[in-house]
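Quick notes on the structure that follows.
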Amino acid sequence: MAKLETTYLGLELKNPLVAASSGLTNSVEKIKKLEKEGIGAVVLKSVFEEQINNEVTSMLQKDSHNQGYPEAEDYIKHYLRDNTVSGHINLIEEAKKAVDIPVIASVNCVSSNEWTTFAKDFQDAGADALELNIFYVPTDKRESNESIEQLYLDVLKKVKKEVSIPVSVKIGLFHSNIVGMVDRLKASGAKGVVMFNRFYEPDINLDKLELTSSEIFSSPSDIRQSLRWVGMVTSMVPNIDIAASTGIHTGDAVAKQLLAGAQVAQLCSTLYINGTGVLPEMIETLENFMKKWNFKHLEDFRGRLSYRNISDPMMYERAQFMKYFSNKGK
Ligand SMILES: Cc1cc2nc3c(=O)[nH]c(=O)nc-3n(C[C@H](O)[C@H](O)[C@H](O)COP(=O)(O)O)c2cc1C
């Protein structure tokens with residue numbers, strides 16, 4: 001009988017399937033349903049620093065009486081912040097009462113300022129861990145790469161000062177040195193790194209000549225975005241939990257990420273597209289895969305095909321299609 005139990009960020013999970021932060025985890029009812037279908041842990045919908053900032057700006061713009069009054073701005077900022085944060089605290093408390101699986105709170109940060117202080121409130125509400133979803137879009141051409149990476153480390157260090165629960169960082173694919181970035185996050189106290197977030201990307205509507213948003217859900221082929229880096233990072237940066245995220249739609253995709261070295265697989269688009277009913281199917285597929293290869297525990301095969309463990313690690317580094325084309329005669 002295949003045993004799917006694993007740890008993640010030091011927490012005990014019944015299996016390596018984790019519901020990624022999204023609207024799928026923004027209510028107790030949805031979280032209960034995910035647990036019933038077999039999910040191993042949930043990451044709650046993020047509290048967004050940027051959203052609170054934007055709401056403050058738009059409220060101030062609407063109310064011309066307040067313009068130029070720093071106290072009014074402060075008041076609105078604190079009111080909105082407290083309101084949003086208390087909603088999240090409520091969700092953590094209620095979810096912790098309703099389910100037995102680990103509940104991971106999530107904060108989206110674009111700076112290391114005051115927002116980091118509410119991490120402690122999430123810990124006090126019972127969150128088992130905290131995921132920092134950091135995404136910063138540089139628009140100043142004079143800003144250096146180092147200062148941008150430093151921002152990630154500053155947010156993490158500041159949060160680490162506030163809480164004792166494990167903290168993970170969810171990063172995007174666009175770092176110039178992903179292995180180095182994960183290593184620096186580990187040195188700054190991260191217990192785990194989620195690779196990778198998938199962001200809202202712009203598109204252009206040619207009929208309306210308007211900027212619009214592109215497809216928000218991933219497709220199964222997007223797994224290739226994370227597989228290379230999971231395989232390389234888990235080999236080169238030991239003792240940090242890597243959660244694979246992006247394009248994991250099936251049990252086979254979970255098996256691939258585990259073989260590359262992931263600790264858990266975070267799921268989002270597949271749950272939106274196929275519903276939570278896909279979870280028992282994914283678990284069954286993973287069990288069948290383990291049965292086929294006579295793996296009893298996840299540790300029997302985790303990382304077996306990581307960068308370090310294959311005879312030709314260049315397979316992970318190869319970036320050009322040269323060999324493929326020469327073999328196929330194309
Ligand atoms: C509708 C939607 C909402 C999301 N909201 C959040 C969020 O609040 N916080 C976050 O860290 N990631 C958020 N994400 C990103 C997902 O957690 C996940 O990392 C990403 O979609 C890649 O996984 P997937 O390929 O399984 O969809 C969201 C994704 C979608 C599609």
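Hydrogens, waters and symmetry mates play no part in the numbers below; they use all other heavy atoms, side chains included. For ligands, and for the atoms within them, numbers begin at 1 and follow the listed sequence. Along the sequence shown, residues carry numbers from 1.
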message: For residues 270-280, which residue pairs pass the side-chain hydrogen bond (donor to acceptor under 3.5 Å, both in side chains) check, not counting sequence neighbours?
response: T270-N274

Which option, [options], owns the non-hydrogen atom nearest [atom]?
atom: atom 24 (P) of ligand 1; options: G23, S106, S218; result: S218
atom: atom 31 (C) of ligand 1; options: I223, V18, I216; result: I216
atom: atom 17 (O) of ligand 1; options: S46, C268, S21; result: S21

Tell me, yes or no, whether the heavy-atom count around [X] atom [atom1], taken from other residues, nucleotides or ligands under 6.0 Å, exceeds 12.
X: K3; atom1: NZ; answer: no
X: K191; atom1: NZ; answer: no
X: E284; atom1: CD; answer: no
X: K186; atom1: NZ; answer: yes

message: Below 3.5 Å, N or O to N or O, backbone or side chain included: is there any such pair between K45 and ligand 1?
response: yes

field: Contact check: Q266 vs ligand 1, nitrogen or oxygen atoms, below 3.5 angstrom
entry: no

query: Can we say D154 and K158 salt-bridge, meaning some charged N sits less than 4.0 Å from an Asp/Glu carboxylate O?
result: no

- prompt: Can you tell me which residue and heavy atom of the protein come closest to atom 3 (C) of ligand 1, and the distance to 0.1 Å?
  reply: S22 CB, 3.8 Å

- request: Note the single closest protein heavy atom to atom 27 (O) of ligand 1, along with its residue, its atom name and the distance in Å.
  value: S269 OG, 2.5 Å

N133, portion touching ligand 1 at heavy-atom distance under 4.0 Å: side chain

Numbered atoms and elements of ligand 1 in range of [X], under 4.0 angstrom, heavy atoms:
X: K170; value: 10 (C), 11 (O), 12 (N), 15 (C), 16 (C), 17 (O), 18 (C), 19 (O)
X: S245; value: 18 (C), 19 (O), 22 (C), 23 (O)
X: Y272; value: 1 (C)
X: R198; value: 20 (C), 21 (O), 22 (C)
X: G247; value: 24 (P), 25 (O)

query: Looking at residues at least two apart in the chain, or sitting in another chain, which of them share a side-chain hydrogen bond (donor to acceptor under 3.5 Å, both in side chains) with R184?
result: E149

- prompt: Does D222 come within less than 4.0 Å of ligand 1, judged by its heavy atoms?
  reply: no

query: Is there a heavy atom of N197 sitting under 4.0 angstrom from any atom of ligand 1?
result: yes

message: Test side-chain hydrogen bond (donor to acceptor under 3.5 Å, both in side chains) on S106 and H88; report intermediate values, then the result.
response: CA-CA 9 Å; S106 167; H88 205 69; over 6 Å; no

message: For a side-chain hydrogen bond (donor to acceptor under 3.5 Å, both in side chains) check, start with the C-alpha distance between R302 and T6, then their side-chain angles and the critical distance, and finish with the verdict.
response: CA-CA 11 Å; R302 196 196 310 273; T6 186; 2.9 Å; yes

field: V85 vs F122, side chain to side chain contact (heavy atoms under 4.5 Å, CB included): CA-CA, chis, key distance, verdict
entry: CA-CA 9 Å; V85 172; F122 298 157; 3.9 Å; yes

